Visitor: 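If you scroll down you'll find the structure; I have some questions about it.
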Amino acid sequence: MEKTYAETKTEEPLDFIRNKVNEDITNNKNDGKVVTRFPPEPNGYLHIGHAKAFCLNFGIAKELNGKCHLRFDDTNPVKEDDKYIQAIKRDIHWMGYDWGDNLFYASDYYEKLYEFAVELIKMGKAFVCDLSMEEIKEYRGTLTTPGKESPYRNRSIEENLDLFKRMRNGEFTDGAKTLRAKIDMNSTNIHMRDPAMYRIKHVSHHRTGDKWCIYPMYDFAHCLSDAIEGITHSLCSLEFEIHRPLYDWFLEKLNLHPRPQQIEFNRLNLTYTVMSKRKLIKLVEENKVFGWDDPRMPTVSGMRRRGYTPRAIKNFVKKAGLTKREQVIDVSLLEYCVREDLNKTSPRVMGVLNPVKVIIDNYPEGRVEEMTAVNNPEDETMGTRKVPFSKELYIEKEDFREEAPRKFFRMVPGREVRLRYAYIVKCTRCTKDENGEITEIHCTVDPESRGGTAPDGRKVKGTLHWVSAQHALKAEVRLYDRLFKRENPESDGHFIDDLNSDSLKVLPECFVEPYLKNVKPEDRIQFERIGYFCVDEDSKKDKPVFNRTVPLRDSWAKKNK
RNA sequence: UACCCCAUGGUGUAAUGGUAGCACAAGUGGUUUUGGUCCACUCGGUUGAGGUUCGAGUCCUCAUGGGGUAACCA
């Protein structure tokens with residue numbers, strides 16, 4: 001049975017919604033039950049803002065032994081599609097939530113909703129209106145002026161009943177008639193000015209096919225679907241606040257009990273991205289990204305492909321908090337949460353993204369040593385692995401300079417560096433091509449320093465990652481950056497202009513250690529000194545593709561900005 | 001020039017009439033075979049004006065600022 005937060009072991013302060021739910025249980029409202037719901041419309045993929053909503057709804061249910069229903073709000077067949085239903089279910093499951101038997105569709109309730117509408121007509125609380133869309137708009141008035149009543153408002157109940165039935169039977173064309181609630185054309189809340197309940201659309205529905213040609217509106221369908229399912233707390237975002245009187249009106253007029261309560265919370269926005277479904281659809285349709293699951297997208301699918309973990313996302317949502325103020329959260333908080341999780345869980349490996357060859361002149365040709373490397377210094381149980389070392393290696397181009405700037409601890413002629421888990425080497429010289437590009441770097445190894453420490457205890461400040469040339473596995477690496485150049489991409493439709501043209505860099509010729517030859521999509525690793533990466537589904541048998549999830553923090557780069 | 005909601009460091013969020021705290025970001029130092037992690041420190045805040053009170057971020061009034069609302073979308 002449900003418990004209160006006093007009985008859970010949370011020591012953190014509760015947000016205002018959890019407080020309210022807690023209070024309701026304490027007062028035995030709804031017999032102390034908690035039933036929430038997550039009601040996506042299947043017209044796009046879920047994004048991090050939706051994640052906040054479903055983490056809240058499923059989270060509360062889980063925390064208090066209540067239930068959370070997944071209900072597809074499918075009342076507008078022209079925008080909806082089954083492919084979105086599949087994607088939404090997959091994303092919620094991936095995040096670790098389960099609706100059990102409680103999978104519903106607003107379209108399950110079409111017959112019942114129709115009956116409720118008939119009931120309202122019988123009460124004289126709804127009428128069939130012949131006004132056109134333009135006329136309705138005109139009659140509605142404006143934000144500052146009252147509306148006026150439709151000339152069809154006082155039709156007899158019998159006539160309304162007959163007309164509504166004929167609407168259902170398909171006797172009228174799209175837009176010819178609507179069923180409207182009879183409320184108050186003078187209300188200061190425009191949503192109460194005789195809102196539409198049903199409109200005619202001769203369109204087949206992804207679930208009900210051609211059974212219906214009238215479809216219920218959100219305001220009518222949502223509150224009643226909640227009531228039908230026995231939802232106790234109907235949590236939605238702030239922009240629905242003004243709809244609440246209407247939500248309550250239908251429930252009250254139809255005298256439904258127990259009565260679900262709508263509570264509104266702030267949406268989650270992130271810097272350097274856009275969050276509205278409309279804008280995300282535009283990015284997909286105009287091929288600004290490769291799809292809904294492009295790793296640069298703020299969608300759950302995109303984040304999965306990018307390598308974010310459910311745990312990191314949940315933690316982020318929790319840290320973002322829940323209030324009634326507008327929030328725009330710094331994307332660095334999300335990245336922090338991702339790194340925090342990946343740091344503890346990702347195996348470390350070496351990979352060279354921009355390779356340059358290193359030749360160790362005093363190392364015997366053909367000799368191969370197996371160096372022991374720690375898989376994760378944060379977690380001893382992850383063990384160690386062997387990494388082959390030989391005369392010719394690759395290191396990162398940017399780890400070598402002919403002239404060292406101040407505090408540059410990497411490879412420079414005449415100086416020593418450590419090759420991680422291998423040896424201390426001293427750079428002697430480099431060769432260049434006719435363009436001045438460095439072609440080879442020559443070093444000598446200190447054979448006494450095997451493993452990386454010198455017996456004389458001398459300090460070597462720099463440690464570089466490397467890959468043995470003859471053992472290297474070729475890989476493609478995709479580097480992602482923020483999708484937009486500006487913190488708040490233009491809100492007025494010109495957000496496309498703020499797209500960051502450098503949001504994706506593909507490096508087709510990287511070298512990684514052979515340990516990675518059996519990776520599979522969604523495997524996550526850390527390339528030491530570079531960042532966290534996730535194996536992409538585009539990977540081929542002998543050429544893996546790695547998506548950069550998030551770079552490691554880099555105080556060196558920051559200092560040199 | 002309507003109605004509704006909101007207002008705490010750069011950002012997000014606590015403080016339920018009694019010491020304004022936490023996290024991220026930013027910065028400084030320490031440790032380090034990842035310029036990572038970790039550790040320590042620093043920076044910086046109650047929109048304004050009145051009122052109630054021994055005492056106000058918190059309650060009241062007004063002002064200011066921000067957001068939402070006029071689909072047969074959700």
Side-chain angles (χ1 to χ4, degrees), chain A residues 12-13 15 19 39-41 43 73-76 78-80 106 129 131-133 136-137 140-147 174-180 187-191 193 195-201 214-215 217-219 221-222 236-245 264 266 268 271 277-278 316 319-337 339-340 343-344 348 350 373-374 377-378 407-410 418-422 424 451-453 460-465 487 526-532 551-560:
Chain A
E12 287 145 50
D15 57 71
N19 260 320
E41 184 188 14
N43 67 345
D73 221 339
D74 54 351
T75 55
N76 186 5
V78 307
K79 290 187 176 176
E80 298 155 7
C129 185
L131 253 26
S132 69
M133 217 188 299
I136 285 185
K137 186 180 164 134
R140 185 159 40 224
T142 70
L143 293 174
T144 53
T145 58
D174 287 10
K177 287 181 166 39
T178 52
L179 181 72
R180 294 225 261 161
S187 174
T188 52
N189 181 343
I190 278 195
H191 296 279
R193 318 238 264 230
M197 292 164 57
Y198 272 90
R199 73 288 214 194
I200 301 171
K201 280 178 193 286
I214 57 171
Y215 292 96
M217 300 287 293
Y218 167 84
D219 285 308
H222 199 88
C236 63
S237 47
L238 247 26
E239 69 272 23
F240 290 100
E241 197 157 38
I242 200 160
H243 294 247
R244 184 164 12 108
E264 310 85 11
N266 55 353
L268 188 158
T271 54
K277 238 188 237 181
R278 205 200 90 241
F316 167 70
K319 278 183 155 53
L322 191 71
T323 63
K324 296 191 72 157
R325 319 166 207 159
E326 294 285 305
Q327 62 173 194
V328 183
I329 299 181
D330 199 320
V331 71
S332 64
L333 180 64
L334 211 208
E335 294 181 340
Y336 168 83
C337 292
R339 287 191 189 106
E340 186 186 41
N343 175 49
K344 295 194 190 87
R348 272 61 168 170
M350 293 195 283
V374 173
E378 303 294 315
K407 296 234 181 180
F408 184 82
F409 306 137
R410 281 113 103 142
R418 174 167 34 237
L419 295 174
R420 180 138 233 230
Y421 298 126
I424 295 171
T453 39
V460 176
K461 185 82 182 166
T463 300
L464 307 185
H465 61 276
E487 219 172 88
Q526 181 198 101
F527 283 132
E528 291 213 32
R529 305 210 303 134
I530 302 174
Y532 297 98
L552 251 30
R553 279 179 58 193
D554 188 348
S555 54
W556 167 247
K558 197 184 282 182
K559 197 179 296 181
N560 291 285

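As a basis for the values below, the full set of heavy atoms in this structure was taken, side chains included, without hydrogen atoms, waters or symmetry mates. For clarity, every value in this text was computed on a predicted model and none was experimentally measured. Every chain is numbered from 1 and lettered A, B, ... according to where its sequence line falls, protein lines coming before strand lines.
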Visitor: Within the 4.0 Å heavy-atom criterion, would you say Thr75(A) contacts the bases, only the backbone, or no part of the nucleic acid?
Guide: sugar-phosphate

Visitor: How long is the line joining CD of Glu487(A) and P of A26(B), in whole Å?
Guide: 13 Å

Visitor: Within 45° of the axis and under 6.0 Å from the centre of the six-membered ring of Tyr215(A), does NZ or CZ of Lys201(A) qualify?
Guide: no

Visitor: For Tyr421(A), which contact category applies under a 4.0 Å heavy-atom criterion: base, sugar-phosphate, or nothing?
Guide: base

Visitor: Below the 4.0 Å mark, does C3(B) have OP1 or OP2 next to a side-chain nitrogen or oxygen of Ser187(A)?
Guide: no

Visitor: Looking only at heavy atoms, what is the nearest atom pair of Ala106(A) and Asp74(A), with distance?
Guide: N-OD1, 3.2 Å

Visitor: Does Asn189(A) make a side-chain donor-acceptor contact with the base of U69(B), cut-off 3.5 Å?
Guide: no

Visitor: In whole angstrom, give the distance that lies between atom CZ of Arg140(A) and atom C1' of C72(B).
Guide: 9 Å

Visitor: Describe the nucleic acid contact of Lys461(A) in one word from base, sugar-phosphate, nothing, applying a heavy-atom distance below 4.0 Å.
Guide: base

Visitor: Using the P atom as the point on both nucleotides, what is the distance between A23(B) and A7(B), in whole Å?
Guide: 23 Å

Visitor: Taking Ser187(A) for the side chain and Asn189(A) for the main chain, is one N or O donor matched with an acceptor at less than 3.5 Å?
Guide: yes

Visitor: Counting side-chain heavy atoms from C-beta on, which of U34(B), C73(B), G68(B) comes nearest to Arg348(A)?
Guide: U34(B)

Visitor: Just call it for Leu552(A): base, sugar-phosphate, or nothing, with non-hydrogen atoms closer than 4.0 Å on any strand.
Guide: base

Visitor: Determine the interatomic distance between C1' on U64(B) and the same-named atom on C72(B); round to the nearest Å.
Guide: 40 Å

Visitor: Classify Tyr215(A) by what it touches in the nucleic acid, base, sugar-phosphate, or nothing, heavy-atom distance under 4.0 Å.
Guide: nothing

Visitor: For atom P, what is the distance between U16(B) and U53(B), given to the nearest Å?
Guide: 23 Å

Visitor: Among the candidates C4(B), A74(B), G35(B), find the nucleotide nearest to the side-chain atoms of Trp556(A).
Guide: G35(B)

Visitor: Take atom P in C24(B) and the same atom in U37(B), then report the distance between them in whole Å.
Guide: 11 Å

Visitor: Return the minimal non-hydrogen interatomic distance between Asn266(A) and Arg325(A), and the atom names on each side.
Guide: ND2-O, 2.7 Å

Visitor: Rounding to a whole Å, what distance do you find between Gln327(A):CD and G66(B):C1'?
Guide: 15 Å

Visitor: Detail all sub-3.5 Å separations between protein N/O atoms and N/O atoms belonging to nucleotides 17-25 of chain B.
Guide:
residue, atom, partner, partner atom, Å
C24(B), OP1, Tyr336(A), OH, 3.1
C24(B), O2', Ser332(A), OG, 3.4

Visitor: Please report the distance, rounded to the nearest Å, between CG in Asp15(A) and P in U16(B).
Guide: 16 Å

Visitor: Counting any heavy atom closer than 4.0 Å, what does Val328(A) reach on the DNA or RNA strands: base, sugar-phosphate only, or nothing?
Guide: sugar-phosphate

Visitor: Give the rounded distance in Å between these two atoms: NZ of Lys79(A) and P of A74(B).
Guide: 7 Å

Visitor: Could you please name the option among G35(B), A71(B), U34(B) that lies closest to any side-chain atom of Pro377(A)?
Guide: U34(B)

Visitor: State whether the distance check finds a donor on one side and an acceptor on the other, under 3.5 Å, for side chain Glu378(A) versus base G36(B).
Guide: yes

Visitor: In whole angstrom, give me the gap between the C1' atoms of A14(B) and G29(B).
Guide: 29 Å

Visitor: Would you indicate what Thr188(A) reaches in the nucleic acid, counting non-hydrogen atoms under 4.0 angstrom: base, sugar-phosphate, or nothing?
Guide: sugar-phosphate

Visitor: Testing the basics here: between Ile190(A) and Arg140(A), what is the closest heavy-atom pair and its distance to 0.1 Å?
Guide: CG2-CD, 3.7 Å

Visitor: On the nucleotide G12(B), are OP1 or OP2 found under 4.0 Å from the side-chain N or O atoms that Arg325(A) carries?
Guide: no

Visitor: Between the base of U34(B) and the side chain of Gln526(A), is one N or O donor paired with an acceptor at under 3.5 angstrom?
Guide: yes

Visitor: With rounding to whole Å, what would you report as the distance between G17(B) and U58(B) at their P atoms?
Guide: 12 Å

Visitor: Report yes if a side-chain nitrogen or oxygen of Arg199(A) is closer than 4.0 Å to either non-bridging phosphate oxygen (OP1 or OP2) of A74(B); otherwise report no.
Guide: yes

Visitor: Would you mind pulling out the nucleotide paired to U37(B), Watson-Crick or G-U wobble, both distances under 3.5 Å?
Guide: none

Visitor: If I take atom CZ in residue Arg278(A) and atom P in nucleotide C73(B), what distance separates them, rounded to the nearest angstrom?
Guide: 17 Å

Visitor: Centroid distance below 5.5 Å plus an interplanar angle below 30 degrees: do Tyr218(A) and A74(B) meet both conditions?
Guide: no

Visitor: Considering every strand shown, what is the Watson-Crick or G-U wobble mate of U64(B) when both distances are under 3.5 Å?
Guide: A7(B)

Visitor: Rounding to an integer number of angstrom, what distance separates A56(B) and A49(B) when you compare their P atoms?
Guide: 14 Å

Visitor: Syn or anti for A63(B)? Use the chi torsion, O4'-C1'-N9-C4 for purines and O4'-C1'-N1-C2 for pyrimidines, with syn inside 90° of 0.
Guide: anti

Visitor: Is Arg244(A) close enough to C5(B) that one of its side-chain N or O atoms is under 4.0 Å from OP1 or OP2 there?
Guide: no

Visitor: Looking at Asn560(A) and Trp556(A), would you say the former's side chain and the latter's main chain have a donor-acceptor pair under 3.5 Å?
Guide: yes

Visitor: Under 4.0 Å: is that the gap between some side-chain N or O of Asn343(A) and OP1 or OP2 of U34(B)?
Guide: no

Visitor: Of Arg410(A) and Asn19(A), whose closest RNA chain B nucleotide lies nearer the 5' terminus?
Guide: Asn19(A)

Visitor: Looking at Arg529(A), does any N or O in its side chain come under 4.0 Å of the phosphate oxygens OP1/OP2 on G35(B)?
Guide: yes

Visitor: If you check the Glu326(A) side chain, which of A74(B), G67(B), C5(B) turns out closest?
Guide: G67(B)

Visitor: Tell me which nucleotide, if any, is Watson-Crick or G-U wobble paired with G18(B) when both distances must be under 3.5 Å.
Guide: C54(B)

Visitor: Compare all side-chain heavy atoms of Asp219(A) with those of Pro195(A) and state whether any distance is below 4.5 angstrom.
Guide: no

Visitor: Salt bridge check: are Glu41(A) and Lys79(A) linked by an N-O gap of less than 4.0 Å?
Guide: no

Visitor: Do Asp330(A) and Ser332(A) have a side chain donor and acceptor closer than 3.5 Å?
Guide: yes

Visitor: Using every non-hydrogen atom in the two residues, find where Tyr421(A) and Ala373(A) come nearest and quote the distance to one decimal.
Guide: CD1-CB, 3.4 Å

Visitor: May I ask you to say what Phe316(A) touches in the nucleic acid, namely base, sugar-phosphate or nothing, with a heavy-atom cut-off under 4.0 Å?
Guide: nothing

Visitor: Counting Watson-Crick and G-U wobble pairs only, both distances under 3.5 Å, name the nucleotide matched with C72(B), or none.
Guide: none

Visitor: Taking the inter-plane angle between the rings of Tyr218(A) and Phe240(A) on a 0 to 90° scale, is it parallel (under 30°), tilted (30 to 60°) or perpendicular (over 60°)?
Guide: tilted

Visitor: Give one of base, sugar-phosphate or nothing for Ile136(A), where a contact means two heavy atoms less than 4.0 Å apart.
Guide: base

Visitor: Are any of Arg193(A)'s side-chain N or O atoms less than 4.0 Å away from OP1 or OP2 of U69(B)?
Guide: no

Visitor: Assign each of Lys324(A) and Thr453(A) to its nearest nucleotide of RNA chain B by heavy atoms, then name whichever residue's nucleotide is nearer the 5' end.
Guide: Lys324(A)

Visitor: Rounded off to whole Å, could you give me the CD1-to-C1' distance for the Ile190(A) and G68(B) pair?
Guide: 13 Å

Visitor: What's the NE2-C1' distance between His191(A) and C4(B), to the nearest Å?
Guide: 10 Å

Visitor: Identify which nucleotide among U34(B), U69(B), A74(B) has an atom closest to any side-chain atom of Asp73(A), counting heavy atoms from C-beta outward.
Guide: A74(B)

Visitor: Which nucleotide in the list C5(B), U13(B), G35(B) gets nearest to the side chain of Ser555(A)?
Guide: G35(B)

Visitor: Determine the minimum heavy-atom distance between Ile329(A) and Ala320(A), stating which atoms define it.
Guide: CD1-CB, 3.0 Å

